[in-house]
Colleague: 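Have a look at this one.
Residue numbers begin at 1 in each chain, while the letters A, B, ... track the order of the sequences.
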Number of protein chains: 2
Amino acid sequence: MRKENEILNDYLRQKGLKQTSQRNVILETFLASGGHISADELQEMIRKKNPRIGFSTVYRSLRLFTECGIAREVNFGDGRARFERGFDKTQHGHLVCTSCGKTEEFTVAAIQKTIKHISEKYDYKPDGHRFEVYGICKKCR
Amino acid sequence: MRKENEILNDYLRQKGLKQTSQRNVILETFLASGGHISADELQEMIRKKNPRIGFSTVYRSLRLFTECGIAREVNFGDGRARFERGFDKTQHGHLVCTSCGKTEEFTVAAIQKTIKHISEKYDYKPDGHRFEVYGICKKCR
DNA sequence: CTGTGTGCAAAACCTTTGCACGAGC
DNA sequence: GCTCGTGCAAAGGTTTTGCACACAG
């Protein structure tokens with residue numbers, strides 16, 4: 001499996017952008033996080049390693065990671081963007097508890113088939129998806 | 001089919017809330033809109049009928065409609081919430097063009113099966129879903 | 001009458017942007 | 001050196017909230 005930092009560096013080189021220590025720290029921290037992390041949560045984690053990194057840099061890096069496919073934006077309806085590792089090609093969805101906010105990932109082969117079918121029918125070139133199922137988890141009942 | 005205003009009025013009565021002319025106008029306008037409408041677009045439509053209705057009332061009403069199941073919040077990644085009729089039990093998804101923003105609805109029976117399967121497996125009581133497929137539409141290629 | 005709803009403006013919130021300085025190549 | 005990146009603060013956009021008054025039940 002190709003490492004994320006290689007993907008990033010190739011992308012930077014190709015676009016004439018530069019490697020910086022900030023980008024390294026942010027990527028590292030993002031990968032170490034469990035996933036489904038918001039910009040401010042990531043910022044909070046980063047603050048511990050390097051308190052001088054600003055919000056803008058975190059946001060800009062997340063956009064960069066999204067552009068090169070390392071990250072993917074997801075949205076759980078809490079009013080802010082969340083990010084997860086995007087290079088993982090497994091088509092998955094999220095099961096979100098509307099009571100306690102707990103989130104689980106699930107994988108279903110059926111999603112891939114559905115996406116293929118739909119995008120052919122409407123003549124779209126598919127480029128990602130989001131599938132979120134909301135419910136109440138066992139504990140919250 | 002049970003009318004939305006009946007659903008709303010029952011909900012209001014049950015919660016000890018009140019019927020108001022504003023809520024009527026907002027509901028009417030929301031239903032007349034094509035769907036996938038944002039709060040400010042709805043406000044804009046409402047302004048023509050009754051220019052004195054404020055933003056807060058529109059937001060508060062949309063939350064109310066969402067609570068009683070008349071509306072459903074959807075999110076197309078443009079940074080603001082959009083609302084569609086929620087009592088329509090047809091399980092559908094959205095196909096969003098990431099280039100021009102055009103949105104189409106599609107229906108697939110497979111989604112229902114998938115949701116049922118997943119929520120049983122993880123022991124969640126399902127309560128809604130979002131399924132968005134992103135791509136580039138025919139025109140934008 | 002009592003408590004809820006409304007409109008306004010201000011606040012809160014997340015995200016983006018302008019700018020001067022700093023750092024990679 | 002030239003260009004891109006960064007941090008800060010300020011601006012941008014959407015949504016929520018506090019408050020005094022209005023209105024439904």
Side-chain angles (χ1 to χ4, degrees), chain A residues 5 8-30 36-47 49-68 71-83 101, chain B residues 5 8-30 36-47 49-68 71-83 101:
Chain A
N5 53 26
L8 179 59
N9 291 342
D10 284 357
Y11 185 81
L12 294 175
R13 216 171 295 126
Q14 180 195 321
K15 291 267 181 179
L17 306 176
K18 298 171 183 177
Q19 285 196 52
T20 66
S21 66
Q22 287 91 331
R23 285 178 178 160
N24 288 338
V25 173
I26 296 172
L27 177 56
E28 215 172 84
T29 313
F30 170 66
H36 305 159
I37 198 169
S38 66
D40 63 316
E41 287 165 355
L42 186 54
Q43 162 77 12
E44 183 55 34
M45 289 180 69
I46 288 165
R47 184 182 299 282
K49 298 188 194 179
N50 183 343
R52 310 231 32 225
I53 294 180
F55 263 103
S56 356
T57 306
V58 175
Y59 274 104
R60 287 188 272 232
S61 298
L62 282 170
R63 201 191 308 172
L64 188 65
F65 299 168
T66 304
E67 276 167 29
C68 68
R72 246 166 54 91
E73 192 181 328
V74 289
N75 215 296
F76 296 157
D78 62 347
R80 53 189 174 170
R82 293 184 169 276
F83 296 84
Chain B
N5 53 26
L8 178 59
N9 291 342
D10 284 358
Y11 185 82
L12 294 174
R13 216 171 296 126
Q14 180 194 322
K15 291 267 182 180
L17 306 176
K18 297 172 183 179
Q19 285 196 51
T20 65
S21 67
Q22 287 92 332
R23 285 178 177 160
N24 287 338
V25 174
I26 295 171
L27 177 56
E28 215 172 84
T29 312
F30 170 66
H36 304 158
I37 198 170
S38 65
D40 63 316
E41 288 164 354
L42 186 56
Q43 162 77 11
E44 183 55 33
M45 290 180 68
I46 288 165
R47 184 182 299 281
K49 298 188 194 178
N50 184 342
R52 310 232 33 226
I53 294 181
F55 263 103
S56 357
T57 306
V58 174
Y59 274 105
R60 287 188 272 233
S61 298
L62 282 170
R63 201 192 307 171
L64 187 66
F65 298 167
T66 304
E67 275 166 29
C68 69
R72 247 166 54 93
E73 193 181 326
V74 289
N75 215 295
F76 296 157
D78 62 346
R80 52 189 175 170
R82 294 182 169 278
F83 296 84

Colleague: Would you mind building the protein contact string for nucleotides 3-9 of chain C? One character per nucleotide, 5' to 3', B for base within reach (heavy atoms under 4.0 Å), S for sugar-phosphate only, - for untouched.
Modeller: BSSBBBB

Colleague: Is B:Glu28 salt-bridged to B:Lys49, going by a charged N under 4.0 Å from an acidic O?
Modeller: yes

Colleague: For A:Leu62 and C:dT15, give me the distance from atom CG to atom C1', rounded to whole Å.
Modeller: 12 Å

Colleague: Could you say whether B:Gln19 or B:Ser38 is positioned toward the 5' end of DNA chain D, judged by the nucleotide with the nearest heavy atom to each?
Modeller: B:Ser38

Colleague: In whole angstrom, what separates B:Asn75's CG from D:dT14's C1'?
Modeller: 12 Å

Colleague: What's the CG-C1' distance between B:Asn24 and D:dA24, to the nearest Å?
Modeller: 12 Å

Colleague: A:Tyr59 side chain N/O closer than 4.0 Å to the phosphate oxygens (OP1, OP2) of C:dT15?
Modeller: yes

Colleague: In this structure, how many angstroms lie between the P atom of D:dG12 and the CG atom of B:Asp40, rounded?
Modeller: 17 Å

Colleague: How far apart are the closest heavy atoms of B:Leu62 and B:Thr66, and which atoms are they?
Modeller: O-OG1, 2.7 Å

Colleague: Give me the atom names and distance for the closest heavy-atom approach of A:Lys18 to A:Leu12.
Modeller: O-CD1, 3.7 Å

Colleague: Should the ring pair B:His36 and B:Phe76 be called parallel, tilted or perpendicular, given that the plane angle runs from 0 to 90° and is split at 30 and 60?
Modeller: perpendicular

Colleague: If you take all heavy atoms of B:Arg82 and B:Ser38, which pair is closest and at what distance?
Modeller: NH1-N, 3.7 Å

Colleague: Check the pair B:Leu42, B:Phe83 against side-chain contact (heavy atoms from CB on, under 4.5 Å), reporting the backbone distance first and the verdict last.
Modeller: CA-CA 10 Å; B:Leu42 186 56; B:Phe83 296 84; over 6 Å; no

